[in-house]
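Values below: all heavy atoms of this structure, side chains included; hydrogens, waters and symmetry mates excluded.
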Amino acid sequence: MERDEIDERLDRLMSATHDVGAAADFTSRVMTTVEREPTGGIWGDLPRAAKIAVPIAAACAAASVVWALFAFRAVDDASLATQVAPEQSVVSSLYGSEAE
């Protein structure tokens, strides 16, 4: 659309809606509704905060599970190393005698 066409359409819209106004009690209804709204507090802000906190907590929980699995594997490998007979090296116990 060209600028002149847009201006014409806006002028027609403005002239067609010139006599349209708000209802007589519109302002009072809006103000009454605003006054009835809760002022906030912790319970009013909780759903909004949960939209941010829950995904972050889920990501932290997943990272903790992954970390725990790696830590368990490291402890398991360390306990295997301590169970090796004194005459064997850790490398030979893990990969066989040809690794030395």
Side-chain angles (χ1 to χ4, degrees):
M1 280 189 187
E2 292 184 23
R3 187 173 179 89
D4 294 333
E5 186 180 342
I6 293 173
D7 288 339
E8 286 178 24
R9 291 181 72 185
L10 288 174
D11 287 338
R12 281 190 310 222
L13 181 62
M14 191 169 65
S15 64
T17 58
H18 187 299
D19 296 330
V20 176
D25 62 339
F26 178 75
T27 303
S28 64
R29 286 187 299 163
V30 169
M31 294 309 293
T32 303
T33 303
V34 168
E35 290 170 358
R36 275 190 272 174
E37 289 283 324
T39 57
I42 188 136
W43 298 113
D45 295 334
L46 189 63
R48 186 173 16 153
K51 288 180 183 178
I52 297 169
V54 169
I56 291 172
C60 290
S64 297
V65 168
V66 170
W67 175 79
L69 289 174
F70 279 112
F72 178 75
R73 181 177 285 173
V75 168
D76 195 34
D77 290 345
S79 68
L80 178 66
T82 59
Q83 294 173 3
V84 175
E87 62 273 354
Q88 288 182 324
S89 70
V90 173
V91 174
S92 66
S93 68
L94 291 175
Y95 302 114
S97 60
E98 67 273 357
E100 289 182 337

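- Note: the hydrophobic cluster containing Phe26 also contains Val34 (ILVMFWY, side chain heavy atoms under 4.5 Å, direct or indirect links).
- Applying the under-4.5 Å side-chain rule to Ile, Leu, Val, Met, Phe, Trp and Tyr, the cluster around Phe70 extends to Val66.
- Residues satisfying the side-chain contact (heavy atoms from CB on, under 4.5 Å) test with Ser64, not counting sequence neighbours, are none.
- Checked against side-chain contact (heavy atoms from CB on, under 4.5 Å), Leu69 has the following partners two or more places apart in sequence or in another chain: Val65.
- With a 4.5 Å cut-off on side-chain heavy atoms, Arg36 and Thr33 count as touching.
- Between the CD atom of Glu8 and the CD atom of Glu2 there is a distance of 10.0 Å, given to the nearest 0.5 Å.
- By the side-chain contact (heavy atoms from CB on, under 4.5 Å) test, Asp7 is found to be paired with Arg3, residues two or more places apart in sequence or in another chain being considered.
- Scanning for salt bridge (Lys or Arg N to Asp or Glu O under 4.0 Å) contacts around Asp25 gives Arg29, with sequence neighbours left out.
- Of all heavy-atom pairs spanning Pro55 and Ala50, the tightest one is CD-O, 3.9 Å.
- The side-chain contact (heavy atoms from CB on, under 4.5 Å) test applied to Thr17 returns Leu13, Val20, not counting sequence neighbours.
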